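Everything quoted here is computed from the prediction, not taken from an experiment. Chain letters run A, B, ... following the sequence lines, proteins first and then strands; every chain starts at 1.
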Amino acid sequence: MDFPELHPWDLTPKSAIALQKMLAKRVCLDNRLPREVRHVAGVDVSYRRGGRDFYAAVVVLQMPDLAVVEKVTARGTVTFPYIPGLLSFRELPVVLQAFKKLALTPDVVMVDGQGIAHPRHLGLASHLGLWLDLATVGCAKSRLCGEHGPPGSRRGDRVALRLENETVGAVLTTRNGIKPLYISPGHLLDVDTSVDLVLRCLGRYRLPEPTRLAHHLANEARRHGISAPLQP
DNA sequence: GCGACAG
DNA sequence: ATCTTGTCGC
């Protein structure tokens with residue numbers, strides 16, 4: 001159950017699903033955020049179509065100005081195929097390597113992917129949150145599961161994302177007339193707090209600054225083919 | 001069996 | 001996610 005100790009290639013989709021069901025019980029949806037959120041981190045992974053290398057990037061921004069205070073990257077190897085619902089088994093290993101290089105411990109982490117808006121309530125954001133014991137928010141660009149009404153078209157508009165008769169997240173419009181984002185709590189916070197946090201991290205783009213900047217940094221790391229700690 | 005399906 | 005050139009719009 002521990003990546004560093006478990007040979008990744010021994011994990012089968014079936015065992016991965018069993019593990020998700022176990023871990024999902026430990027996800028906490030109560031707010032455990034500090035009174036004042038000082039640091040918000042964004043994480044993302046990049047790789048080439050036929051390549052075996054994965055590049056993860058973590059960027060830490062300070063609130064409320066969103067200034068970058070730390071950036072790290074890490075390189076890893078593909079050990080699991082992409083299967084909808086099992087994304088964390090593919091991306092978590094390299095993401096964890098990147099977090100090991102982080103000097104700061106952010107109050108919350110924004111992830112490119114789902115939180116509990118997942119078939120077994122354990123999307124990448126939730127899995128990462130449990131692993132790091134940090135508050136995490138799932139910020140996906142498209143839907144994995146769940147139903148929702150027509151999203152509003154103005155920034156700030158949101159509609160509930162429901163799954164099995166429960167609200168597991170929100171479909172949030174981050175820019176006027178632009179395709180909305182799928183927000184769901186990963187760990188240690190609730191839906192409303194997740195949405196509020198994303199809104200407070202919004203710049204002039206569709207994606208909130210933390211994940212947007214992490215995306216760029218991961219792409220840059222991939223292009224350089226190296227992984228080196230950086231100084232802001 | 002068929003359609004859906006984060007990144 | 002990634003592959004790719006131009007192109008429509010604020």
* Asked: Would A:His127 and A:Phe89 count as a close aromatic pair, with their ring centres under 6.0 Å?
  -> yes
Check this one for me: any side-chain N or O of [X] less than 4.0 Å away from OP1 or OP2 of [N]?
| X | N | result |
| --- | --- | --- |
| A:Ser142 | B:dC5 | no |
| A:Arg143 | B:dC5 | yes |
| A:Asn219 | C:dT2 | yes |
| A:Lys141 | B:dA6 | no |
| A:Arg49 | C:dT4 | no |
| A:Tyr82 | B:dA6 | yes |

* **Sugar-phosphate, base or nothing in reach of A:Gly138, heavy atoms under 4.0 Å** => nothing
* So what does A:Leu86 hit on the nucleic acid, given a heavy-atom distance under 4.0 Å: a base, only sugar-phosphate, or nothing? -> base
Nearest atoms (heavy-atom pairs only) where [X] meets [Y]:
| X | Y | result |
| --- | --- | --- |
| A:Val171 | A:Pro151 | CG1-CB, 4.0 Å |
| A:Pro208 | A:Leu181 | CD-CD2, 3.8 Å |
| A:Leu189 | A:Thr136 | CD1-O, 3.4 Å |

Measure from [atom1] on [X] to [atom2] on [N] and round the result to the nearest Å.
| X | N | atom1 | atom2 | result |
| --- | --- | --- | --- | --- |
| A:Arg48 | C:dC3 | CZ | P | 8 Å |
| A:Leu144 | B:dG7 | CG | C1' | 10 Å |
| A:Arg120 | B:dC5 | CZ | P | 16 Å |
| A:Arg90 | C:dT2 | CZ | P | 11 Å |
| A:Asp44 | B:dA6 | CG | C1' | 12 Å |
| A:Glu91 | C:dT2 | CD | C1' | 13 Å |
| A:Leu207 | B:dG7 | CG | P | 10 Å |
| A:Leu163 | B:dA4 | CG | C1' | 14 Å |

* From NZ (A:Lys71) to CG (A:Leu102), nearest 0.5 Å -> 13.0 Å
* Could you tell me the separation between the CE atom of A:Met110 and the SG atom of A:Cys139, rounded to the nearest 0.5 Å? => 4.0 Å
* Asked: Would you say A:Leu86 and A:Ile17 make side-chain contact, with heavy atoms under 4.5 Å?
  -> yes
* Asked: Can you list the stems that DNA chain B is part of, where a stem is at least 3 pairs in a row, each Watson-Crick or G-U, with both distances below 3.5 Å?
  -> none
